[in-house]
Amino acid sequence: MAHRALMGLKNNLIRNVQNSEQRFKYLLILDFEATCEKLIKINPQEIIEFPCIVVSTQDWKIKDVFHEYVKPKFHPNLTPFCSELTGIVQEMVDDKPHFPEIMKKFNTWIEKGKYFEEKNKSAFVTCGDWDLKVMIPSQCATEELAVPDYFSEWINLKILFCNVMKIYPHGIIDMLVRLDIPQIGRLHSGIDDVKNMINIVKSIGTKYNTNFDITSGVHHKNFPIYQGDDK
């Protein structure tokens, strides 16, 4: 009798853990691609691909998609290295708007979705801290734009993965391999990277009952030091 009671309590606890509510209703998976050259730092570096996909933590399904290519203003011609790395060729950005217009469009998309109208409704997820620690502040400064408040904190998927798997991953491919998830598309394609990150998020969210919480931010006390390419 006592054994059955303990087993029943254990099963209830397991169900409670599996059904525990996430802090955020939506996760906005984001990954920029930017102008680059092999062994040379382009200044200013500019965003050329801006993908962001919304995933619900209630059913882990995609709810919304924002994806735009961006024409660089200061270095309008993509280098052969950049095209080879990202898969983005000159024709894909030539007829696109510059960053200020894309940022305005993204703001409208955020407002329409009401993702940040309530506290703890949504959080961005990035692979590392480069996208929101380095690239967005730099791009906004170059264009003399204010950095939106919603970019002030985010979830670093690498840190979350480390908390779950007890090993700090090298990047997206490393996480996919360790979770036995097939890779989608190519590395350094922004939209493909986001799709792969979504599968990682789904896996650690469902199989490991991971609670997605903020790891990084402008004022975060445990803000990690940027050490290079985050992928």
Side-chain angles (χ1 to χ4, degrees), residues 20-34 47 49-68 106-107 109-110 113-116 118-137 147-165 167-176 178-179 181 183-185 187-220 222-224 226 229-231:
S20 61
E21 291 187 4
Q22 291 284 339
R23 174 182 172 184
F24 298 104
K25 183 177 180 180
Y26 297 114
L27 299 177
L28 279 65
I29 322 295
L30 179 149
D31 187 270
F32 298 131
E33 298 303 327
I47 293 170
E49 186 180 6
F50 195 138
C52 184
I53 298 180
V54 180
V55 173
S56 169
T57 59
Q58 296 176 315
D59 57 13
W60 304 103
K61 293 182 179 180
I62 293 173
K63 300 300 178 183
D64 207 351
V65 178
F66 181 92
H67 182 217
E68 295 285 343
F106 183 72
N107 275 321
W109 180 75
I110 289 289
K114 300 180 179 179
Y115 296 117
F116 294 94
E118 302 171 11
K119 186 178 180 180
N120 295 336
K121 185 175 181 179
S122 307
F124 287 102
V125 179
T126 60
C127 184
D129 292 306
W130 174 83
D131 299 87
L132 297 182
K133 177 192 173 184
V134 177
M135 195 61 238
I136 272 291
V147 179
D149 290 339
Y150 50 69
F151 281 147
S152 64
E153 60 181 16
W154 57 91
I155 299 169
N156 181 338
L157 186 55
K158 283 179 157 185
I159 293 177
L160 206 66
F161 182 93
C162 183
N163 291 340
V164 174
M165 306 299 289
I167 185 169
Y168 195 81
H170 297 296
I172 290 175
I173 302 300
D174 191 17
M175 288 188 278
L176 291 172
R178 293 182 185 278
L179 293 170
I181 299 173
Q183 180 184 346
I184 295 173
L187 187 66
H188 295 295
S189 159
I191 192 65
D192 288 347
D193 285 344
V194 168
K195 291 175 182 177
N196 283 308
M197 290 165 63
I198 288 172
N199 285 337
I200 295 166
V201 163
K202 287 180 181 178
S203 179
I204 62 176
T206 56
K207 294 181 181 179
Y208 297 91
N209 302 310
T210 303
N211 193 284
F212 288 80
D213 210 344
I214 298 298
T215 65
S216 308
V218 176
H219 304 295
H220 200 273
N222 293 325
F223 198 86
Y226 174 68
D229 184 8
D230 282 322
K231 296 177 185 176

(message) Applying salt bridge (charged side-chain N to carboxylate O under 4.0 Å, His left out) as the test, list every pair that has at least one member in residues 54-68; sequence neighbours left out.
(response) D59-K63, E68-K105

(message) What I'd like to find out is whether the side chain of V218 reaches to under 4.5 Å of the side chain of V147, using heavy atoms alone.
(response) no

(request) With the side chain counted from C-beta on, respond yes when Y26 and S56 share a heavy-atom pair under 4.5 Å apart, and no when they do not. (result) yes

(request) Looking only at non-hydrogen atoms, find the nearest pair between P169 and M175 and report the distance. (result) CB-CG, 3.5 Å

(message) Testing the basics here: between L132 and P137, what is the closest heavy-atom pair and its distance to 0.1 Å?
(response) O-CD, 3.5 Å

(request) Take R178 and I167 through the test side chain to side chain contact (heavy atoms under 4.5 Å, CB included) and record every step on the way to the result. (result) CA-CA 10 Å; R178 293 182 185 278; I167 185 169; 3.3 Å; yes

As an exercise, state the distance from [atom1] of [X] to [atom2] of [Y], rounded to the nearest 0.5 Å.
| X | Y | atom1 | atom2 | result |
| --- | --- | --- | --- | --- |
| L179 | N199 | CG | CG | 10.0 Å |
| F50 | W109 | CZ | CH2 | 8.5 Å |
| L157 | I204 | CG | CD1 | 5.5 Å |
| I136 | W154 | CD1 | CH2 | 10.5 Å |
| I29 | I198 | CD1 | CD1 | 6.0 Å |
| D193 | L187 | CG | CG | 5.0 Å |

(request) With L28 as reference, evaluate I53, I110, V55 under the side chain to side chain contact (heavy atoms under 4.5 Å, CB included) test and give the passing residue. (result) I110

(message) Please check if the number of heavy atoms outside K114 that lie under 6.0 Å from its NZ is greater than 12.
(response) no

(request) With sequence neighbours left out, write down each residue that passes side-chain contact (heavy atoms from CB on, under 4.5 Å) with R23, or none if nothing qualifies. (result) N120, N211, D213, I214

(request) Given side chain to side chain donor-acceptor pair (under 3.5 Å), test N107 with Y150 step by step and report yes or no. (result) CA-CA 10 Å; N107 275 321; Y150 50 69; 2.3 Å; yes

(request) Not counting sequence neighbours, which residues clear ring pair (Phe, Tyr, Trp, His ring centres under 6.0 Å) with F212? List them please. (result) W60

(request) Decide if the gap between the ring center of Y115 and the ring center of F124 is smaller than 6.0 angstrom. (result) no

(request) Start with the C-alpha distance between D131 and T126, add both sets of side-chain angles, then the distance that settles side chain to side chain donor-acceptor pair (under 3.5 Å), and finish with yes or no. (result) CA-CA 7 Å; D131 299 87; T126 60; 4.9 Å; no

